[in-house]
K.L.:
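Please see the structure below; I have some questions.
Side chains included, hydrogens not; waters and symmetry mates left out as well; all remaining heavy atoms used. First listed ligand is number 1; within each ligand, the first listed atom is number 1. Predicted model, so just to flag it, every value in this text is computed and none were measured.
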Amino acid sequence: MGDFELPQSLHLALRGVRSVGVITGAGISAESGIPTYRGKGGIYDDPQEGDRTIEALSAHTLAADPDRTWRALFQIAGAAVAALPNEGHAAIAKIEDTADRFVLLTQNVDGLHRLAGSRNVIDIHGDAFEVICTVCGKANQFNDPRTGAMAPQRLDMQACMAAGKAPRCPCGGVYRPAVVLFGEMLPEDKIARLYAELLDSPPDLVISVGTSAMFPYIVQPMLVAASAGKLTIEINPEPTEISDFVAFHIKAKAGQALPAIAAALTDQHPEH
Ligand code: OAD
């Protein structure tokens, strides 16, 4: 990791960067052992199995057969609860400490950014550790042994996984995961923050890392920043939709490239 070299032209371009936006996807958590969605070894890799998972993680399956939705969700949450942040997550938290203005837009529901110390996070697809009752609307959480956030009124993930059924609220209603399922709208408050912090006045630097950039709300902040003359970087070993228009496509793992970028930004602001 430590010997990863950024191109000299990128070092120069990073000079004077004061505000930073970072957009992340499943690839940043791959080095923590969490499977990605698309591509080799991803949750949707096998086409038939993938389609079944997408079907299970949809709004209409939640309504018709919540146990099925939860079994698919437990795969994702079960991987998350066993994982710890990696050097990529840590580097993003360090960039936030260095920048005058910072925002992190993540599609991940694994909670690893907050565990690594990121603060201004827009988790646009929600959080796999949070649940909401479909009857009374009350929120609850799974115990999270990674943070030590354990309380008797919280849900025990291991027990729920072993039961293989939708967890239930004390009122008797079925809980739903606080994540955006297929066929559902994105939360309006998070869209408003995305506009305010990434689109209305794009940061000096916007980095996209570990995402296949399939969704317009992921591509758009990169496009807007690039057309406003801001610095754009993609970190992904594979090419994606956005590779052709970013200023720098770094074909490397997040855990290699992000610490080098964090170090370059910190060197300019030695007070941090
Ligand atoms: P994907 O699985 O679509 O893409 C992961 C990307 O990470 C791929 O482009 C990989 O090449 C790249 N990658 C893999 N390992 C990497 C590493 N070590 N460093 C950097 N990049 C790496 O995941 P997302 O783009 O996050 O939505 O998928 C977006 C959404 O699709 C997810 O949030 C999920 C899914 O349906 C919901 O659940 C609502």
Side-chain angles (χ1 to χ4, degrees), residues 1 4 22-47 49-62 69-70 72-77 79-80 83 85-92 104-113 121-130 176-187 190-191 194 207-222 233-244 246 248-262:
M1 180 285 300
F4 184 83
V22 179
I23 302 172
T24 67
I28 188 152
S29 296
E31 290 159 81
S32 293
I34 298 185
T36 59
Y37 293 91
R38 297 167 189 85
K40 211 168 177 311
I43 293 170
Y44 312 151
D45 187 11
D46 175 292
E49 184 59 30
D51 284 354
R52 277 197 293 273
T53 306
I54 289 170
E55 170 79 13
L57 290 171
S58 69
H60 68 91
T61 302
L62 178 75
T69 299
W70 272 103
L73 205 273
F74 284 143
Q75 275 196 320
I76 294 169
N86 63 51
E87 298 191 53
H89 297 104
I92 292 173
L104 170 58
L105 172 66
T106 186
Q107 298 161 89
N108 300 346
V109 296
D110 56 30
L112 288 178
H113 284 301
V121 183
I122 307 175
D123 54 354
I124 195 82
H125 290 164
D127 184 333
F129 288 83
E130 292 179 3
R176 61 155 297 154
V179 302
V180 177
L181 298 172
F182 289 96
E184 292 186 324
M185 307 284 280
L186 296 171
K190 292 181 186 174
I191 290 290
L194 189 162
I207 305 171
S208 164
V209 49
T211 177
S212 54
M214 298 288 290
F215 298 123
Y217 48 92
I218 298 304
V219 176
Q220 208 189 354
M222 298 300 288
I233 303 175
E234 177 181 42
I235 301 167
N236 195 319
E238 305 294 332
T240 72
E241 295 275 310
I242 61 175
S243 305
D244 286 342
V246 292
F248 293 88
H249 175 197
I250 305 178
K251 293 193 184 88
K253 291 185 173 181
Q256 297 175 306
L258 280 167
I261 292 174

K.L.:
What part of Val180, side chain, backbone, both or neither, has a heavy atom within less than 4.0 angstrom of ligand 1?
P.N.:
backbone

K.L.:
What is the minimum heavy-atom distance between Glu49 and Asp46, and which atoms define it?
P.N.:
N-OD1, 2.8 Å

K.L.:
Quick one: does Glu31's side chain have a donor or acceptor within less than 3.5 Å of a partner on Gly255's backbone?
P.N.:
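Flag set: sc Glu31 to bb Gly255 pair under 3.5 Å.
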
K.L.:
Considering Gly39, Gly41, Gly210 one by one, which has a heavy atom nearer to atom 5 (C) of ligand 1 than any of the others?
P.N.:
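Of the listed residues, Gly210 has the closest heavy atom.
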
K.L.:
Just to confirm my output: which protein heavy-atom neighbour is closest to atom 14 (C) of ligand 1, and how far is it?
P.N.:
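Going by distance alone, atom 14 (C) of ligand 1 is nearest to Gly27 CA, 3.9 Å.
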
K.L.:
Look at atom 36 (O) of ligand 1 and say which protein heavy atom is nearest, naming residue and atom and giving the distance to 0.1 Å.
P.N.:
Tyr44 OH, 2.7 Å

K.L.:
When you measure from the side chain of Asp123 to the backbone of Thr106, do you find a donor-acceptor pair of N or O atoms at a distance under 3.5 Å?
P.N.:
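Pair absent, no side-chain N/O of Asp123 close to backbone of Thr106.
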
K.L.:
So which protein heavy atom does atom 19 (N) of ligand 1 come closest to, and at what separation?
P.N.:
Ala254 N, 2.9 Å

K.L.:
Return the orientation label for the Tyr217 and Phe215 ring planes: parallel under 30°, perpendicular over 60°, tilted otherwise.
P.N.:
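Answer is parallel, since the angle falls under 30°.
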
K.L.:
If you have a sec, work out which protein heavy atom is nearest atom 29 (C) of ligand 1 and how many Å separate them, to one decimal?
P.N.:
Gln107 OE1, 3.2 Å

K.L.:
Would you call the rings of His113 and His89 parallel, tilted or perpendicular if under 30° counts as parallel and over 60° as perpendicular?
P.N.:
perpendicular

K.L.:
Looking at atom 3 (O) of ligand 1, what's its closest protein heavy atom, distance included?
P.N.:
Ser212 OG, 2.5 Å

K.L.:
Which one of Glu31, Arg38, Met214 has a non-hydrogen atom at the shortest distance from atom 28 (O) of ligand 1?
P.N.:
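Among Glu31, Arg38, Met214, the closest heavy atom to atom 28 (O) of ligand 1 comes from Arg38.
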
K.L.:
Verify, without hydrogens or angle tests, whether Asp127 (side chain) and Ala178 (backbone) share a donor-acceptor contact under 3.5 angstrom.
P.N.:
no

